[in-house]
Amino acid sequence: MEKIAQYIRIGDAPILLKRMATDIGSQEIAVVKNLDYIYAPLELYLLTPKVTKPLDRIAAFAVDMDGTSTTTEPLALHALEYMVRRFTGRLTKEEWTGLDPIMDYPFVIGNSNFRHTEFLINRYAPNLKEDALRASFFESLLWTLSNMEDKQRLKDIRQNAINCGIGSLLDDAEFNRLVEQKCVNEDNVAQVASSFQNKYGRLFSYSNQSELVSAALDIYYTRYHSILRRVQQGDGAQLSKELLGEGGRRLIEPMPGYAVFIALIKGWIDDEAAQLYDVLVNPSSPTYLPLEQESRGRLVNLARRFQANPAKLGLVTASIAFEAHTVVHEVFKVMQEQIQDWPVSKSKRSELIQRFDDYLAVYDGFVTASDSSEARLKPHRDLYNISLYQMSIPKEDYSRCIGVEDTEPGIISLRAAGIGCAVALPNHDTSRQNYEAASHILHGGLPEMILKHNLFLAEN
């Protein structure tokens with residue numbers, strides 16, 4: 001019986017590594033940097049060979065959330081920029097123009113939130129102000145405990161408060177009274193938190209990089225989660241105008257073509273799929289590509305193929321469970337609204353709107369950061385391997401799975417998990433990522449993947 005763990009000396013490692021690579025046909029290795037508190041600075045992953053030819057059958061699609069299937073990448077960037085403004089005390093555009101698309105974006109998209117924050121702490125360390133960080137953390141602690149219900153989020157911020165020396169605040173009777181009454185909101189949190197900062201602020205400290213990053217990360221989460229709560233209350237359109245300066249849209253929407261993609265691969269659309277050509281080829285879409293009218297026939301063929309053999313669908317995100325469920329719930333509401341305008345029969349629209357009513361019934365795998373830990377998120381392979389397990393995909397069918405991502409860490413994560421058909425869909429915010437590890441790079445997004453590449457399904 002083969003041992004689960006085997007001790008070898010360093011001199012024997014190259015032989016073992018080469019043998020493993022030969023066994024799986026791997027010619028590439030990914031070198032992944034670990035978080036600061038992990039003993040080994042690096043992990044090495046043998047990458048499964050790229051799959052570039054069309055597949056005879058597709059067992060499953062594994063799809064990323066932020067920037068790939070949803071428009072939430074700008075929201076995450078906004079929250080990260082807000083975090084830096086708070087811990088540096090530079091709150092206006094005049095004081096600091098904000099995150100730099102060239103110097104910052106490639107390092108704060110696609111990894112774990114801890115890793116994004118770690119990068120920004122190091123990059124803007126000369127501008128960090130202890131009093132600004134302290135005030136922001138006290139506000140984050142009070143708001144989170146008063147407003148959030150996610151048990152892991154509550155546990156984490158309490159632990160961070162203890163690690164930063166203010167664990168005694170958690171035993172303060174007045175503090176706990178306010179938390180229990182849930183009367184702290186965005187409008188009064190600064191004023192309420194100031195009294196506790198006056199009493200306990202001198203105790204606030206951090207002894208290492210990880211404690212500092214965790215404290216700053218709580219500021220990010222507070223901003224992101226306060227916005228998501230407003231989205232839950234129906235303020236998506238107003239928030240898009242407030243935060244991004246974009247009117248006429250919701251803050252959280254599906255990426256172009258996502259609803260059509262789901263309807264196709266689940267086998268929910270028939271010959272009426274031809275009518276969805278005009279939905280996919282939208283000149284006002286950021287992923288617009290002029291494509292031949294013959295693609296209408298391709299849509300019908302795809303619909304028939306997936307009706308005969310529906311594919312499984314897994315959502316994989318480095319966002320925590322609260323974020324993922326809030327975002328996906330909003331995205332499915334928007335897709336139901338979009339379907340109401342689809343040029344198909346009334347009965348088909350009604351059927352599809354009903355099918356999109358419960359997103360958990362649509363996904364065969366739903367994996368978030370809460371299913372793992374900050375230390376094992378993308379570009380590590382864990383989330384995608386969990387998804388393959390949830391979808392009950394046998395290892396011999398990994399080569400018949402397609403992974404869809406918008407970042408380099410996501411692509412590496414896919415191939416490290418054994419998914420050789422790793423498709424990169426760059427967007428405005430990720431255009432400077434390195435996609436060398438991708439099997440395909442499609443700048444036209446999901447519409448291009450459907451209409452031009454036949455979803456990488458071999459055509460009969």
Side-chain angles (χ1 to χ4, degrees), residues 1-35 38 40-64 68 110-112 115 312 314 316 318 365 367 372 375-426 433-442 449 453 456-458:
M1 181 179 292
E2 187 176 356
K3 292 183 177 180
I4 295 176
Q6 183 179 358
Y7 168 83
I8 63 172
R9 295 187 178 277
I10 193 67
D12 297 325
I15 299 173
L16 179 61
L17 190 63
K18 187 173 183 179
R19 186 189 310 150
M20 290 170 56
T22 300
D23 289 344
I24 65 172
S26 178
Q27 298 292 320
E28 301 160 283
I29 290 179
V31 181
V32 176
K33 181 182 177 183
N34 281 323
L35 296 181
I38 303 298
L42 303 171
E43 301 279 346
L44 299 179
Y45 289 113
L46 291 171
L47 300 183
T48 193
K50 290 182 180 180
V51 175
T52 57
K53 293 182 179 180
L55 307 180
D56 63 333
R57 173 174 63 85
I58 297 175
F61 289 87
V63 181
D64 170 53
T68 302
N111 292 300
S112 72
R115 201 180 292 269
K312 293 185 177 181
V316 179
V367 184
S372 184
R376 302 301 306 175
L377 304 184
K378 305 171 189 178
H380 293 286
R381 62 189 171 200
D382 299 42
L383 295 185
Y384 278 110
N385 277 133
I386 293 171
S387 177
L388 291 166
Y389 173 77
Q390 285 186 357
M391 291 189 289
S392 193
I393 304 297
K395 192 178 290 187
E396 57 268 23
D397 270 352
Y398 285 9
S399 61
R400 290 189 175 91
C401 294
I402 295 176
V404 189
E405 273 278 358
D406 68 318
T407 67
E408 179 186 15
I411 292 295
I412 289 173
S413 178
L414 281 166
R415 293 191 55 208
I419 300 176
C421 189
V423 182
L425 303 184
Q433 297 263 328
N434 181 351
Y435 293 112
E436 187 178 358
S439 307
H440 305 275
I441 305 172
L442 309 184
M449 187 170 161
H453 297 278
F456 298 105
L457 185 64

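When each of T68, V316, L425 is checked for a side chain to side chain contact (heavy atoms under 4.5 Å, CB included) with V63, only T68 meets the rule. A side chain to side chain contact (heavy atoms under 4.5 Å, CB included) with L17 holds for exactly one of T22, D12, L46; it is L46.
Ring-plane geometry between H380 and Y45 is classed as perpendicular, the angle between the planes exceeding 60 degrees on a 0 to 90 degree scale with a lower cut at 30.
Take D56 and apply the salt bridge (Lys or Arg N to Asp or Glu O under 4.0 Å) test, not counting sequence neighbours, and it matches R400.
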Full working for side chain to side chain contact (heavy atoms under 4.5 Å, CB included) between D397 and R57: CA-CA 10 Å; D397 270 352; R57 173 174 63 85; 3.2 Å; yes
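Other residues, nucleotides and ligands contribute only 12 or fewer heavy atoms inside 6.0 Å of the CD atom of Q27.
Under a 3.5 Å cut-off, the side chain of T48 and the backbone N or O of I419 do not form any donor-acceptor pair. Judged by distance alone, with hydrogens and angles left aside, the side-chain atoms of Q433 form a donor-acceptor pair with the main-chain N or O of E408 at under 3.5 Å. Checked by atom type and distance alone, the side chain of K50 pairs as donor or acceptor with a backbone atom of A438 at under 3.5 Å. Panel note: side chain Y435, backbone D406; a donor-acceptor pair is recorded below 3.5 Å. The backbone N or O of K33 sits less than 3.5 Å from a side-chain atom of R115, completing a donor-acceptor pair.
Contact check for E405 versus V423: no side-chain heavy atoms found under the 4.5 Å cut-off. At least one side-chain heavy atom of S387 sits less than 4.5 Å from a side-chain heavy atom of M391. In this structure, the side chains of I15 and I8 stay at 4.5 Å or more apart for every pair of heavy atoms.
Between the CG atom of L44 and the CD1 atom of I29 there is a distance of 6.0 Å, given to the nearest 0.5 Å. From I411, atom CD1 reaches atom NZ of K378 across 9.5 Å, with rounding to the nearest 0.5 Å. Note that SG of C401 and CD1 of I393 are 5.0 Å apart. Values are rounded to the nearest 0.5 Å. Note that CZ of R376 and CZ of R381 are 7.0 Å apart. Values are rounded to the nearest 0.5 Å.
Here the closest non-hydrogen pair linking N385 and A417 is ND2-O, 3.1 Å.
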